[in-house]
Enquirer: 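Got a structure for you, written out below as structure tokens; questions coming shortly.
Chain identifiers are assigned alphabetically (A, B, ...) following the order of the sequence lines, protein sequences preceding nucleic acid strands; residue numbering begins at 1 within each chain. On a predicted model such as this, the values are computed, not experimentally measured, just so you know. Below, each value reflects all heavy atoms present in this structure, side chains not excepted, and no hydrogens, waters or symmetry copies.
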Amino acid sequence: QEQLVESGGGVVQPGRSLRLSCATSGFTFSSYGMHWVRQAPGKGLEWVAIIWYDGTKKYYADSVKGRFTISRDNSKSTLYVQMNSLRAEDTAVYFCARGPYYYDGGAYFPHYFDLWGHGTLVTVSS
Amino acid sequence: QSVLTQPPSVSAAPGQRVTISCSGSSSNIGNNYVSWYQQLPGTAPQLLIYDNNKRPSGIPDRFSGSKSGTSATLAISGLQTGDEADYYCGTWDRSLSAWVFGGGTKLTVL
């Protein structure tokens, strides 16, 4: 069945780096946009980043722009996020999510998240 | 401060109907599809409504969505204790080139 499995979370000191992975199976990974969404303890959902199906477009939340890099390997059906210069406020459960597009007025736009992973916890603390 | 505004909490008795509002602007809700997500305690979010008012397979018709202008509404009828969860609206914001979520609404079934 269709599945997303995140890994790579853990405890990291402020200012250090961490790379999360999202292994996918059961669907044609290369046909979908993919997102990272995070949730700080006791807080709501916060979108982090999106990467287009072919990796040509990437967009980021202002809170992570310049520090996080989303990428994908379609040959391995895997999504990544490289997180640098980590801060305490980056502490959260990180979910990967599949995101179809819709077409409107000559452009494609993210549509919704129809498949989510279980999440991986990142704790930034000294 | 979320771009989309939801009430922090709503409550109702089993069997009753409740609505959750989601308010935005012309750059997000006003010109894009709205989706809704249910997050049961300790679990990942799940798609509940997409394209403003469509339900994925497996979602009961007790859940419905609507959109008017720059606001959207999730309605849940025939409330059950198992519906106790956090509910989030979301959409793409064309001005920000970013996905935006509401702050979430905690549903309590009394």
Enquirer: Would you call the rings of A/His111 and B/Tyr33 parallel, tilted or perpendicular, where under 30° means parallel and over 60° means perpendicular?
Expert: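 Judged by the thresholds at 30° and 60°, the geometry between A/His111 and B/Tyr33 is tilted.
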Enquirer: Should B/Tyr50 and A/Tyr108 be regarded as members of a common hydrophobic cluster, given that ILVMFWY residues are connected when their side-chain heavy atoms come within less than 4.5 Å of each other, either directly or indirectly?
Expert: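 Yes; tracing contacts between hydrophobic side chains, which count when under 4.5 Å, links both residues.
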Enquirer: Any side-chain heavy atom of A/Asp104 within less than 4.5 Å of one from B/Arg94?
Expert: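 Counting from C-beta outward, A/Asp104 and B/Arg94 do come under 4.5 Å.
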Enquirer: If I take atom CG from residue B/Leu48 and atom OH from residue A/Tyr112, how far apart are they, to the nearest 0.5 angstrom?
Expert: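 Interatomic distance, B/Leu48 CG to A/Tyr112 OH, rounded to 0.5 Å: 13.5 Å.
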Enquirer: Please say yes or no: joined through hydrophobic side-chain contacts below 4.5 Å, possibly via intermediate residues, are A/Met83 and A/Ile50 part of one cluster?
Expert: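 Different hydrophobic clusters.
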Enquirer: At a 4.5 Å cut-off on heavy atoms, which part of B/Tyr88 comes close to chain A: side chain, backbone, both, or neither?
Expert: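 For B/Tyr88, side-chain heavy atoms alone lie under 4.5 Å from chain A.
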Enquirer: Which heavy atom in B/Phe101 sits nearest to a heavy atom in A/Val37, and how many Å separate them?
Expert: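 So the minimum-distance heavy-atom pair works out to CE1-CG1, 3.9 Å.
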Enquirer: Indicate the ring-plane relationship of B/Trp99 and A/His35, choosing parallel, tilted or perpendicular according to the 30° and 60° boundaries.
Expert: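 It falls in the perpendicular class, over 60°.
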Enquirer: Are there more than 12 heavy atoms of other residues, nucleotides or ligands under 6.0 Å from atom NZ of A/Lys65?
Expert: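 Atom NZ in A/Lys65 is packed in, count exceeds 12.
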Enquirer: Name every donor-acceptor pair, under 3.5 Å, that has one atom in a side chain of residues 11-20 of chain A and the other anywhere in the protein, sequence neighbours excluded.
Expert:
residue, atom, partner, partner atom, Å
A/Ser17, OG, A/Asn84, OD1, 2.9

Enquirer: Counting only heavy atoms not in A/Lys58, do more than 12 sit closer than 6.0 Å to its NZ atom?
Expert: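 Result for NZ/A/Lys58: enclosed.
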Enquirer: What orientation do B/Tyr37 and A/Phe113 show, parallel under 30°, tilted 30 to 60°, or perpendicular over 60°?
Expert: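 Judged by the thresholds at 30° and 60°, the geometry between B/Tyr37 and A/Phe113 is tilted.
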Enquirer: What's the spacing between A/Phe109 CZ and B/Ser97 OG if we round to 0.5 Å?
Expert: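 Answer rounded to 0.5 Å: 8.5 Å.
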Enquirer: Under a 4.5 Å side-chain heavy-atom rule over Ile, Leu, Val, Met, Phe, Trp and Tyr, are B/Phe63 and B/Val109 clustered together?
Expert: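 Yes.
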Enquirer: Can you say whether B/Pro56 sits under 4.5 Å from chain A via the side chain, the backbone, both, or neither, judging by heavy atoms?
Expert: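 Neither part; nothing is under 4.5 Å.
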Enquirer: So how far is it from A/Asp114 CG to B/Gln46 CD, rounded to the nearest 0.5 Å?
Expert: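 Those atoms lie 11.5 Å apart.
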Enquirer: Could you tell me if the ring centre of A/Tyr59 sits under 6.0 Å from that of B/Trp92?
Expert: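 Ring centroids of A/Tyr59 and B/Trp92 are less than 6.0 Å from each other.
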Enquirer: Is the OH atom of A/Tyr80 crowded by more than 12 outside heavy atoms at less than 6.0 Å?
Expert: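 Enclosed: over 12 neighbouring heavy atoms sit under 6.0 Å from OH of A/Tyr80.
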Enquirer: Determine, using the 4.5 Å side-chain heavy-atom cutoff (strictly less than), whether A/Tyr101 and B/Val34 are members of one ILVMFWY cluster.
Expert: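 No, A/Tyr101 does not connect to B/Val34 through the hydrophobic network.
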Enquirer: Contact part of B/Asn31 toward chain A, heavy-atom cut-off under 4.5 Å: side chain, backbone, both or neither?
Expert: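 Backbone only.
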Enquirer: Please name the pair of heavy atoms, one in B/Ala98 and one in A/Trp47, separated by the smallest distance, quoted to 0.1 Å.
Expert: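 For B/Ala98 versus A/Trp47, the nearest heavy atoms are CB-CZ3, 3.4 Å.
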Enquirer: What part of A/Val93 gets within 4.5 angstrom of chain B, counting heavy atoms only: side chain, backbone, both, or neither?
Expert: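 For A/Val93, no heavy atom lies under 4.5 Å from chain B.
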Enquirer: Can you name the closest pair of heavy atoms from A/Gly117 and B/Ala44 and give their distance?
Expert: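 Smallest heavy-atom distance, with atoms named: O-CB, 3.2 Å.
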Enquirer: Linking I/L/V/M/F/W/Y whenever their side-chain heavy atoms sit closer than 4.5 Å, directly or via other members, would B/Val100 and A/Phe68 fall into one cluster?
Expert: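 Different clusters.
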